[in-house]
Amino acid sequence: MLKIYNSLHNRKQDFIPLEANKIRMYVCGMTVYDYCHLGHARVMVVFDMVYRYLKAAGYEVTYVRNITDIDDKIIKRANENAEPFTALTARFIQAMHEDEQALGVLSPTHEPRATDNIPAMLAMISTLIEQGYAYVGSNRDVYYDVSKFEGYGKLSGRRLEDLRAGERIAIDEAKHDPLDFVLWKAAKAGEPAWDSPWGLGRPGWHIECSAMSSSLLGTQFDIHGGGHDLKFPHHENEIAQSEACNGHQYVNYWMHNGFIQINDEKMSKSLNNFFTIRDVLQVYKAEEIRYFILNSHYRSPLNYSHEPLDNARAALTRLYTALRDLPNAEAPVNSEAEQRFRAVLDDDFNTPEAIAILFELARDINRFRREQNDLAAAETAALLKKLAGILGLLEREAESWFKGSGIEGLADAAIEALIQQRLLARTQKNWAESDRIRDELKAQGILLEDQAGLTTWRRV
RNA sequence: GGCUGGGUGGCAGAGUGGUCAUGCAGCGGAUUGCAAAUCCGUCUACGCCGGUUCGAUUCCGACCCUAGCCUCCA
């Protein structure tokens, strides 16, 4: 039985989909005005893992992740660059897709863009106005009236009085209440704008998710995910909009992933302590980043530094070592290891425990090899690959992990030639020459390993 | 101030009312020409103070420290 920690109730709950064997899931995606950073990588990878596991668990999953391609930051950045905002967003959507592909993130079922869904947003805003949940402000902006929605604050555990007592809410004369949020923003001269019953303007941020999720998944669906910082106000406002508009519960299970931190502080643009995915890919392999993310629980904070990434490299090397040079085989069906693997993922996606099971399998494989039980080794390796694949790990060939691209440094053929020379020396028990060649290669980052009369090599 | 979370061995990071996380590192052994890899064994833990209990790192309460949200933010 799958259990999910539901942020709406702050506890783990049995997961029961609205429709048997089908899951409808929505995740808040990126605002595309810059390169994605590691925090975005975490959302991508975490929910990609969720998506993969739910499918592997036999569900038919419809996964929607939106792209916010119009908002204040986009307009500002486009103006700074003196380019149309559409050129800016097209460029960063492309970059985002490249980053996702590098990280082994599967494409969602749908990837709607805000600018393609303005009519659905207008319809929703109209309904909210008709039903008395929204009003047109003195500045022609349309606002949501939070006082009209009884459940406001239920996701984030806040009460309106507490929020009003806060000192950080900007005073805005156009609003009835400082907590009211904008649904439609009237355009200033020169800004991108769409026509609406309230004049030219653009949608507020929150309305896009409400409108697009409803369009693609229906007015009520199973899982809604996003970064922890979106819980308030973004997700709270989505609930207010959708439930007021549709008159029933919006989302059954809310999932929020924890942050990536730098020196125990949140990674963010304002603190200027962020690393883009492509920065990190200069130093670490994509699979190492993926391992780093999945080796902690998705709700925990995750501190970024070279140590856990180096650790990921060592850990993946151990796993790929177990897989190396084994023939293809059928994975055993419904093994004890697989059952435990599924059980820990059923427990709110406990990926660190799942990874621990992968290491048990690696040890089993190594034992079988030692016993010369090649069939059992190959079958266990197939199981290891199968289970790791649910996490999006160990999907490449072991040899390519060890030998890399070979673009830099010694060519594969040159390495092989030196290994042949060394083998000759070894048959003559010329250990000095043998060790000299091994040291020479080591100096160029090539590690030789002699086993059972064979010499294998890898780049380190 | 209000609301959420955390504090685990040298590091990272799970978990549990009473034998084992896991990976890296360390130590001992096997194997190896020597290594590497691998296998076997092994040492370092549960912020602090009380309470419940036969027994708490795990439950409860106080305290200390810490992160996040309350403003755009994954």
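Per chain, numbering begins at 1; letters A, B, ... match sequence-line order.
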Over all atoms of both residues, closest heavy-atom pair of A:A354 and A:L345: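 Minimum heavy-atom separation between A:A354 and A:L345: CB-CD2, 3.9 Å.
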With sugar-phosphate meaning primed atoms plus P, OP1 and OP2, does [X] contact a base, only sugar-phosphate, or nothing at under 4.0 Å between heavy atoms?
{"X": "A:N257", "result": "base"}
{"X": "A:G153", "result": "nothing"}
{"X": "A:Q261", "result": "sugar-phosphate"}
{"X": "A:R11", "result": "nothing"}
{"X": "A:D264", "result": "sugar-phosphate"}
{"X": "A:G39", "result": "base"}
{"X": "A:Y320", "result": "nothing"}
{"X": "A:L358", "result": "nothing"}
{"X": "A:F259", "result": "base"}

Output yes when at least one side-chain N/O atom of [X] is less than 4.0 Å from OP1 or OP2 of [N], else no.
{"X": "A:K76", "N": "B:rC72", "result": "no"}
{"X": "A:Y291", "N": "B:rG23", "result": "no"}
{"X": "A:S268", "N": "B:rA74", "result": "no"}
{"X": "A:N350", "N": "B:rA14", "result": "no"}

Send over the distance from [X] [atom1] to [N] [atom2], rounded to a whole Å.
{"X": "A:D99", "N": "B:rA74", "atom1": "CG", "atom2": "P", "value": "14 Å"}
{"X": "A:D229", "N": "B:rA67", "atom1": "CG", "atom2": "C1'", "value": "13 Å"}
{"X": "A:R340", "N": "B:rC20", "atom1": "CZ", "atom2": "P", "value": "15 Å"}
{"X": "A:L155", "N": "B:rC69", "atom1": "CG", "atom2": "P", "value": "15 Å"}
{"X": "A:F349", "N": "B:rG13", "atom1": "CZ", "atom2": "P", "value": "21 Å"}
{"X": "A:N303", "N": "B:rU8", "atom1": "CG", "atom2": "P", "value": "12 Å"}
{"X": "A:I355", "N": "B:rG23", "atom1": "CD1", "atom2": "C1'", "value": "10 Å"}
{"X": "A:R367", "N": "B:rG41", "atom1": "CZ", "atom2": "P", "value": "8 Å"}

Across all strands shown, which nucleotide pairs with [N] by Watson-Crick or G-U wobble geometry, both distances under 3.5 Å?
{"N": "B:rA74", "result": "none"}
{"N": "B:rC48", "result": "none"}
{"N": "B:rG10", "result": "B:rC24"}
{"N": "B:rU31", "result": "none"}
{"N": "B:rU4", "result": "B:rA67"}
{"N": "B:rC54", "result": "B:rG18"}

In terms of side-chain heavy atoms, does [X] have a donor or acceptor partner in [Y] at a distance below 3.5 Å?
{"X": "A:Y152", "Y": "A:E236", "value": "no"}
{"X": "A:S242", "Y": "A:S210", "value": "yes"}
{"X": "A:D346", "Y": "A:Y53", "value": "yes"}

Say you pick atom [atom1] in [N] and the same atom in [M]; how far apart are they, in whole Å?
{"N": "B:rG23", "M": "B:rC39", "atom1": "P", "value": "9 Å"}
{"N": "B:rU44", "M": "B:rG26", "atom1": "C1'", "value": "9 Å"}
{"N": "B:rC20", "M": "B:rU32", "atom1": "C1'", "value": "30 Å"}
{"N": "B:rA12", "M": "B:rC49", "atom1": "P", "value": "23 Å"}
{"N": "B:rG47", "M": "B:rU57", "atom1": "P", "value": "9 Å"}
{"N": "B:rC64", "M": "B:rC48", "atom1": "C1'", "value": "7 Å"}
{"N": "B:rC46", "M": "B:rA56", "atom1": "C1'", "value": "11 Å"}
{"N": "B:rA21", "M": "B:rU8", "atom1": "C1'", "value": "12 Å"}

Taking only residues at least two apart or on different chains, which pairs with a member in residues 365-377 of chain A satisfy side chain to side chain donor-acceptor pair (under 3.5 Å)?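 Every side chain to side chain donor-acceptor pair (under 3.5 Å) pair that includes a residue of residues 365-377 of chain A, provided the two are not neighbours, is A:D364-A:R367.
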Does a distance-only test, which skips hydrogens and angles, find a donor-acceptor pair under 3.5 Å between the side chain of [X] and the base of [N]?
{"X": "A:S434", "N": "B:rG33", "answer": "yes"}
{"X": "A:R318", "N": "B:rC24", "answer": "no"}
{"X": "A:R438", "N": "B:rC34", "answer": "yes"}
{"X": "A:D162", "N": "B:rG1", "answer": "no"}

Starting at OG of A:S296, measure out to CD1 of A:I260 and round the result to the nearest 0.5 Å.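 These two atoms lie 7.5 Å from each other.
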From the options [options], select the nucleotide whose nearest atom is closest to the side chain of [X].
{"X": "A:R370", "options": "B:rA74, B:rA30, B:rG33", "result": "B:rA30"}
{"X": "A:N10", "options": "B:rC24, B:rG33, B:rU4", "result": "B:rU4"}
{"X": "A:Y5", "options": "B:rG5, B:rC70, B:rG33", "result": "B:rG5"}
{"X": "A:N366", "options": "B:rA74, B:rC39, B:rA67", "result": "B:rC39"}
{"X": "A:Q451", "options": "B:rA36, B:rA14, B:rC39", "result": "B:rA36"}
{"X": "A:P233", "options": "B:rG23, B:rC72, B:rA37", "result": "B:rC72"}
{"X": "A:R363", "options": "B:rC40, B:rG5, B:rC70", "result": "B:rC40"}
{"X": "A:R458", "options": "B:rC3, B:rA37, B:rG33", "result": "B:rA37"}
{"X": "A:H37", "options": "B:rA74, B:rC34, B:rA36", "result": "B:rA74"}

Sequence neighbours excluded, every pair satisfying salt bridge (Lys or Arg N to Asp or Glu O under 4.0 Å) that has a member inside residues 61-79 of chain A: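 As it turns out, the salt bridge (Lys or Arg N to Asp or Glu O under 4.0 Å) pairs with a partner in residues 61-79 of chain A, which skip direct neighbours, are A:D34-A:R77, A:R65-A:E100, A:R65-A:E111, A:D71-A:K73, A:D72-A:K185, A:D72-A:R202, A:K76-A:E80, A:R77-A:E80.
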CA sep, side-chain torsions, deciding dist, call: A:F368, A:L375, side-chain contact (heavy atoms from CB on, under 4.5 Å): CA-CA 8 Å; A:F368 286 132; A:L375 178 64; over 6 Å; no
Let me spell it out: for each of A:A356 and A:E307, pick the nucleotide of RNA chain B with the closest heavy atom. Which residue's pick is nearer the 5' end?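 In this pair, the answer is A:E307.
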Are A:Y143 and A:F181 close enough that their ring centers fall under 6.0 Å?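 So the answer is no for these two rings.
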Worked verdict on A:E360 versus A:R340 for salt bridge (charged side-chain N to carboxylate O under 4.0 Å, His left out): CA-CA 11 Å; A:E360 291 180 25; A:R340 280 191 294 127; 2.7 Å; yes
